[in-house]
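Structure, as structure tokens:
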Amino acid sequence: MDNDILQEFLAESRELLADAQAQLLRLEAAPGDAAVLGAIFRAFHTLKGGAGFLEAANMVDWCHHLEDLLDKLRAGKLQAEGGMIDAILRSTDVIERMLGEMAQGENPAPGPVELGALVQAYASGQQPAAQSRRHDESLEAVEALDPAEPVDGTWAETRAQASGEPGVYVQKKTTETAPAAEAGGGAEDLEAEFERMLDSVYGKGVAPGSVVAVAAGASALRDPLADEASSAQLPANSGGAGAAAPPARGAQAAPAGGAVPDAADTTIRVDSARLDQAMNQVGELVLLRNRLSAAVSRLGASDETLARLARETDLAVNDLQNTVMRLRMQPCKRLFQSLPRVVRDASRSLGKKVRLELSGEDVEIDKTVIDALSGPLIHLVRNALDHGLEPPEQRVQTGKPEEGVLRVQAVHLGDKVQIHVSDDGRGMDGHRIVQSALSKGLITESDAARLSEREMLDLIFLPGFSTKEQVSELSGRGVGMDVVRSAVQGLRGRVDITTRPNQGTQLSLELPLTLAVLPVLYFKLRRETYALPVSVVDNLMEIDPEQVHSISGRLMAQVGQDRIVPFIDLGMQLQGVELRVGHDPCEGILTEHGLLVVSEALGTEDSVVKPLDISSQTSWYQGATISGGGDVVLILDIAALTRAMRAPQAA
């Protein structure tokens with residue numbers, strides 16, 4: 001099988017599977033919603049057709065039984081309930097495993113026998129209580145089917161011809177009680193049904209067994225019209241890929257005189273590596289633009305034509321940069337799509353009633369950020385369910401409704417995106433967090449005495465920290481929040497905590513829209529130039545020596561009436577010689593980590609980060625860039641630097 005076809009099938013199948021899982025959770029709230037049932041049915045039908053084309057027989061069988069169950073739900077013969085939806089969700093996990101095996105070039109292994117039997121039992125109308133007999137009864141039911149028994153409708157199945165080639169057998173069956181309008185038509189209706197069946201399977205005007213029919217089978221994988229019209233009754237024991245059914249009698253006909261436009265024609269799939277390469281080349285162009293602008297500005301107004309060309313080049317490069325950046329942007333819906341399933345499973349496991357509210361799904365962010373943030377976001381949600389929200393009985397005792405609310409929201413703020421995970425639970429107790437950290441030996445008594453309220457909350461990000469006394473499936477191992485913070489900082493973002501006792505907690509992730517271009521603030525330390533990401537800068541300020549104090553052996557600066565932050569002399573940290581406030585030229589750069597003392601703040605500029613692999617202090621820097629003057633400038637990682645400063649103090 002052509003690898004390109006396989007990769008396209010895998011990509012589309014994973015999208016279908018994710019959408020089916022989301023629709024299944026909606027189905028639990030609205031069991032009779034015909035639109036939801038139809039969407040789920042079409043997803044499994046398309047998966048089965050694609051698997052059949054790729055000759056993945058086990059996946060075909062697995063999807064067929066799910067399709068059979070969904071078809072009966074669509075027809076109103078069965079009613080969806082919790083146990084049935086559980087079984088279907090577990091079955092989607094099996095399909096995901098099969099897709100993984102296909103991605104590795106293997107033929108998918110069969111699904112679990114017990115789960116498959118359970119799905120077939122639901123499809124046959126049995127209850128889970130009869131699981132011990134469902135396999136035998138399902139076999140008896142299949143054997144009891146009489147092909148000659150009159151049944152309303154058109155039946156279609158694939159059969160081998162005498163030559164061994166596959167063929168399609170169509171039979172119209174009616175009962176004596178069928179309406180006269182349905183029984184009328186006789187051979188003409190049967191012939192029309194047969195022609196439509198051949199067209200849907202092999203393509204219009206293509207005979208079974210011809211070479212063109214094979215190509216037609218491939219195009220059927222992406223034929224949404226065929227999926228929508230799949231209303232034929234297929235025998236439950238067919239087990240094969242099955243032929244697509246003829247359109248229902250009430251189906252709307254396609255407009256005459258033209259084909260129905262295919263939405264897929266407006267999109268193409270591009271390897272993300274190509275987008276990365278294009279973004280890197282645009283980054284190099286940005287650096288050249290910066291150098292050109294700096295060179296022209298040094299010339300002054302001596303050449304107005306050259307200055308105008310520099311301005312036009314600047315605008316053109318900005319437009320190109322924004323266009324390429326948008327190519328990598330994806331909606332946060334892709335980041336949020338797994339959360340309903342996570343909340344459903346975790347809340348049931350914990351015995352809690354939870355309502356998940358999602359907003360901002362249309363906010364777009366860089367694909368790299370979405371890929372890296374999926375796991376950390378799931379951990380934040382599980383953490384809120386386990387630690388934040390109380391059990392129903394405790395909520396009632398505190399005057400809250402039994403059902404807790406968990407909100408996940410994405411907000412677009414300029415060149416940043418904020419993702420908030422909030423709950424209306426018990427909130428965080430900073431003193432309890434400190435006691436837990438002390439009991440685990442993560443901090444010392446002297447460290448605990450100097451902690452501010454915010455630093456107390458930040459202890460949850462220490463490796464090995466947990467307030468859980470017992471290990472469960474969701475928490476208690478001390479692994480998770482430190483990984484969340486590391487992942488966010490690796491994306492040049494930050495995490496903030498806001499909490500109120502008995503009212504809830506909000507964790508906010510602030511992330512850049514894109515990682516391709518990094519706006520930086522240039523500053524000087526004596527004669528050397530350094531850079532700092534603009535995202536970590538709160539503001540610039542003058543330094544008043546009277547506002548700098550020593551508290552428990554640490555220099556602290558008061559930057560407001562109620563805010564005291566660490567005083568960080570970058571001259572001492574980076575060059576080994578302190579900047580004397582009041583004697584040397586000094587300016588302050590306020591960040592969430594403290595007040596940075598520098599010689600002079602120069603200005604901001606878009607930069608492209610180049611990795612470092614030769615410095616012994618690489619961990620203090622995010623990388624390097626080239627300034628408008630053509631100089632190599634190191635970009636400081638202030639979070640890594642402050643961690644390195646605290647390490648000797650803790651020792």
Side-chain angles (χ1 to χ4, degrees), residues 1-25 27 37 39-71 73 83-123 134-135 138 158 217-224 226-227 230 234 236-244 269 334 337-338 340-342 344-345 371 374-375 378:
M1 174 57 61
D2 191 301
N3 187 61
D4 291 340
I5 296 178
L6 175 62
Q7 294 303 320
E8 184 171 355
F9 167 75
L10 292 174
E12 293 183 356
S13 295
R14 289 189 174 109
E15 292 176 3
L16 284 169
L17 203 57
D19 184 64
Q21 290 175 340
Q23 297 287 357
L24 281 166
L25 298 178
L27 182 64
L37 285 168
I40 301 171
F41 174 85
R42 289 191 297 274
F44 288 125
H45 177 78
T46 305
L47 284 168
K48 186 183 79 169
F53 177 70
L54 296 175
E55 299 180 353
N58 290 323
M59 186 173 173
V60 169
D61 292 341
W62 193 260
C63 293
H64 174 76
H65 296 309
L66 291 169
E67 183 186 32
D68 186 41
L69 174 57
L70 267 298
D71 192 36
L73 289 171
M84 183 184 296
I85 294 176
D86 279 336
I88 301 175
L89 282 170
R90 287 163 56 197
S91 298
T92 62
D93 295 336
V94 174
I95 297 176
E96 193 168 352
R97 185 262 296 167
M98 291 180 173
L99 291 174
E101 292 172 347
M102 293 180 70
Q104 296 175 2
E106 303 173 0
N107 197 27
V113 176
E114 292 185 0
L115 181 58
L118 179 60
V119 171
Q120 294 179 62
Y122 275 121
R134 64 179 176 261
H135 184 64
S138 62
T158 56
S219 64
L221 293 178
R222 303 184 60 182
D223 186 2
D227 293 344
S230 304
L234 298 178
N237 62 339
S238 65
R269 292 186 181 275
R334 179 168 171 258
Q337 65 186 6
S338 63
R341 172 80 182 275
V342 171
R344 177 185 183 274
D345 294 345
D371 292 341
S374 178
I378 289 175

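If you read the sequence from its start, that first residue is 1, and numbering goes on from there. Note that the structure is a prediction, hence the values are computed from the model and not measured.
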Rounding to 0.5 Å, atoms OG (Ser13) and CD (Glu96) come to a distance of 11.5 Å
Check your understanding: Can you find a pair of side-chain heavy atoms, one from Tyr122 and one from Leu118, that are under 4.5 Å apart?
Key -> yes
Next on the checklist: One thing to verify: whether Lys48 and Asp68 come together as a salt bridge, which I'm taking to mean a side-chain N less than 4.0 angstrom from a carboxylate O.
Outcome noted: no
Rounding to 0.5 Å, atoms CD1 (Ile40) and CD (Gln21) come to a distance of 10.5 Å
Problem - More than 12 heavy atoms of other groups within 6.0 Å of Glu55 CD - result: no
Residues Gly111 and Met98: closest non-hydrogen pair is N-CE, 3.7 Å
Let's go through Arg90 and Asp345 carefully: what are the C-alpha distance in whole Å and the side-chain angles of both, what is the deciding distance for salt bridge (Lys or Arg N to Asp or Glu O under 4.0 Å) to 0.1 Å, and is it a yes or a no?
CA-CA 11 Å; Arg90 287 163 56 197; Asp345 294 345; over 6 Å; no
d(Gln23 CD, Leu70 CG) to nearest 0.5 Å is 11.0 Å
Residues passing the side-chain hydrogen bond (donor to acceptor under 3.5 Å, both in side chains) test with Glu101, sequence neighbours excluded, are Arg97
>> If you apply the rule salt bridge (Lys or Arg N to Asp or Glu O under 4.0 Å), what do you find for Asp86 with Arg344, and how did you get there?
In response: CA-CA 10 Å; Asp86 279 336; Arg344 177 185 183 274; 2.5 Å; yes
| said: Contact between Glu15 and Gln337 at the side-chain level, heavy atoms closer than 4.5 Å - yes or no? | reply: no
**Q.** Min side-chain heavy-atom separation Leu69-Phe44 under 4.5 Å
**A.** no
>> Is any side-chain heavy atom of Leu66 closer than 4.5 Å to one of Leu47?
In response: no
Closest non-hydrogen contact found for Ile378 with Ser338 is CD1-OG, 3.7 Å
Between Gly52 and Val60, the two heavy atoms sitting closest are N-CG2, 3.3 Å
In short, Leu99 meets Phe9 closest at the heavy-atom pair CD2-CE2, 4.0 Å
Asp93 meets the side-chain hydrogen bond (donor to acceptor under 3.5 Å, both in side chains) criterion, sequence neighbours left out, with Arg341
CG of Leu27 to CG of Leu73, rounded to nearest 0.5 Å, is 7.0 Å
Examine distances only and state if a side-chain atom of Trp62 and a backbone atom of Ser91 form a donor-acceptor pair shorter than 3.5 Å. yes
Heavy atoms of Ile85 and Leu24 approach each other most closely as CG2-O, 4.0 Å
Heavy-atom nearest pair, Ala43 first then Leu16, reads CB-O, 4.1 Å
- Message: Given 3.5 Å as the limit, does a donor-acceptor pair link the side chain of Thr92 with the main chain of Leu89, or not?
- Response: yes
